[in-house]
Amino acid sequence: AGGSSLLQSLVAQEQSLQSLFRGEWPTAEPPEFVLSLPALRPSACDVDVDVAVCGGTLGILVGCALQLRGHRVAVVEAGPLRGRAQDR
């Protein structure tokens, strides 16, 4: 959260939350999270990533967290992303 201590981190998070509650949304464009590729075969395309994770709700969460920390992430998902409905 940008702080060097737990207290500073919590204070920074609280300030961010209060900004959102006041309607002060971040102005920067969010990074692109989803990129669909055609059915892949080893020779079909060259994908350069730091980490690949299996899909599902947990895999998507982990993939997003890693991507927000600057890693290039591939989430391998069998079908379209459908939120929690895909785990049923």
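Being a predicted model, the structure only gives us computed values, none of them experimental. Values below: all heavy atoms of this structure, side chains included; hydrogens, waters and symmetry mates excluded.
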With L17 via side chain to side chain contact (heavy atoms under 4.5 Å, CB included) - residues at least two apart
F21

Gap separating the CD atom of Q67 from the NE2 atom of H71, nearest 0.5 angstrom
10.5 Å

So, the side chain of E77 versus the backbone of C54: is there a donor-acceptor pair under 3.5 Å, distance only?
no

Kindly write out the residues that satisfy side chain to side chain contact (heavy atoms under 4.5 Å, CB included) with S19, not counting sequence neighbours, or none if the list is empty.
R22, E24

Hits for side-chain hydrogen bond (donor to acceptor under 3.5 Å, both in side chains) against Q15, two or more places apart or cross-chain, chain-then-number order -> none

Residue pairs meeting salt bridge (Lys or Arg N to Asp or Glu O under 4.0 Å), one or both in residues 54-76, sequence neighbours left out, come to D48-R72, D50-R72

Paired with L66, the side chain to side chain contact (heavy atoms under 4.5 Å, CB included) test is passed by just one of V73, V75, L61, namely V73

Among residues at least two apart in sequence or on other chains, which ones pass side chain to side chain contact (heavy atoms under 4.5 Å, CB included) with V76?
none

Side chain to side chain contact (heavy atoms under 4.5 Å, CB included) partners of A52, counting only residues at least two apart
A74

